[in-house]
Amino acid sequence: MEIVVLRLGHRPERDKRVTTHVGLVGRAFGANGMLLASNDKGIERSIREVTSRWGGDFFVRTGVNWKEEVTNWKREEGKVCHLTMYGENILDVINEVRAKSERIMIIVGAEKVPYDVFEAADWNIAAGNQPHSEIAALCLFLDYLQQGKELKEKFDNAKLEIVPKRRGKELKKKINE
Ligand code: SAM
């Protein structure tokens, strides 16, 4: 499955940490990359640093035009899921989403999302109908979509890998840094 996260409404002066976490959660839980509808190279850099140490090939592309990205995605048989507390409950639609596409774009907002996004999406999906956070909504969506498989995923070309332990910390250095 190909999964891309589109982050809308990022305000460089206040959303750096949350947007970085949207990217880190996307990377850790099975997305292939993040598109950012804002031109903040700092986000790109910090996520790339994590990827270079912890592996995988997660990409970040900034300064995108969201309408163009959505149009191109849909033209190439992709489906679009917009995460919003106003949407249908994830439990009611996730099987349909999984069955209908191998290419999924997930849109998450920061401030108020333009109404066009609700119209452009194939599904408007709520991780529960209460207001909370784009990070939590993305994490839950990715997990339900992949039915937990992402939690055991290994990352290629990692320089560092954790050896899971009941107590203590063990870090394996796989390639000389
Ligand atoms: N007040 C904004 C609005 O009315 O669109 C929402 C701000 S919220 C902090 C930022 C993002 O978190 C939303 O755009 C949405 O993607 C996500 N989000 C928050 N609660 C959610 C929920 N219950 N289900 C799905 N996504 C949610």
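Counting starts at 1 for both ligands and their atoms, in listed order.
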shortest atom 16 (O) of ligand 1-to-protein heavy-atom contact is with L83 O, 2.6 Å
Hey, is the main chain of E76 close enough, under 3.5 Å, to the side chain of R103 for a donor-acceptor pair? yes
Any N or O of Q130 that comes nearer than 3.5 Å to an N or O of ligand 1? yes
Under 3.5 Å, side chain of N129 to main-chain N/O of G87, donor-acceptor pair present? yes
Smallest heavy-atom separation, A120 atom then V70 atom, equals CB-CG1, 4.1 Å
Against heavy atoms of A110, which atoms of ligand 1 measure under 4.0 Å? 7 (C), 8 (S), 10 (C)
Taking only heavy atoms of V113, which atoms of ligand 1 are found under 4.0 Å from at least one of them? 5 (O), 14 (O)
Rounded to the nearest 0.5 angstrom, the CZ-CH2 distance for R7 and W66 is 15.0 Å
Check ligand 1 against G128 and write out every atom of the ligand that is under 4.0 Å from a heavy-atom position of the residue. 22 (C), 23 (N), 24 (N)
I need the I106 CD1 to K79 NZ distance, nearest 0.5 Å. 15.5 Å
Point-to-point distance, once rounded to the nearest 0.5 Å, from CD of E44 to CE of M34: 8.5 Å
So for H82 against ligand 1, with non-hydrogen atoms under 4.0 Å, the contacting part is neither
Need the ligand 1 atom indices (1-based, order shown) with element for anything under 4.0 Å from a heavy-atom of T84. 24 (N), 25 (C), 26 (N)
Pairwise distance CD(E161) to CZ(F155) - rounded to 0.5 angstrom: 10.5 Å
Relative to atom 17 (C) of ligand 1, which among R7, E134, M85, H132 owns the nearest non-hydrogen atom? E134
Does T19 reach the main-chain N or O of K16 with its side chain, forming a donor-acceptor pair under 3.5 Å? no
Heavy-atom distances under 4.0 Å are what count here, so tell me which part of S133 touches ligand 1: side chain, backbone, both or neither. backbone
Atoms of ligand 1 less than 4.0 Å from V108 heavy atoms? 16 (O)
Proximal ligand 1 atoms for A137, defined as those under 4.0 Å from one of its heavy atoms: 25 (C), 26 (N), 27 (C)
Taking distance alone, with N or O pairs closer than 3.5 Å, would you say P131 contacts ligand 1? no
Atoms in ligand 1 flagged as close to A126, the criterion being non-hydrogen separation under 4.0 Å: 24 (N), 25 (C)
For atom 23 (N) of ligand 1, is the nearest protein heavy atom under 4.0 Å away? yes
Is the backbone of E2 close enough, under 3.5 Å, to the side chain of N32 for a donor and an acceptor to pair up by distance? no
Considering non-hydrogen atoms of the protein only, which is the closest contact for atom 3 (C) of ligand 1, and what is the distance? K112 CA, 4.0 Å
In terms of side-chain heavy atoms, does N124 have a donor or acceptor partner in H82 at a distance below 3.5 Å? yes
Check whether any side-chain N or O of R98 sits under 3.5 Å from a backbone N or O of L145 as a donor-acceptor pair, and report yes or no. yes
Under 4.0 Å to a heavy atom of I125 - the qualifying atoms of ligand 1, by number: 25 (C)
Looking only at protein heavy atoms, which one is nearest to atom 11 (C) of ligand 1, and what is the separation? G109 O, 3.4 Å
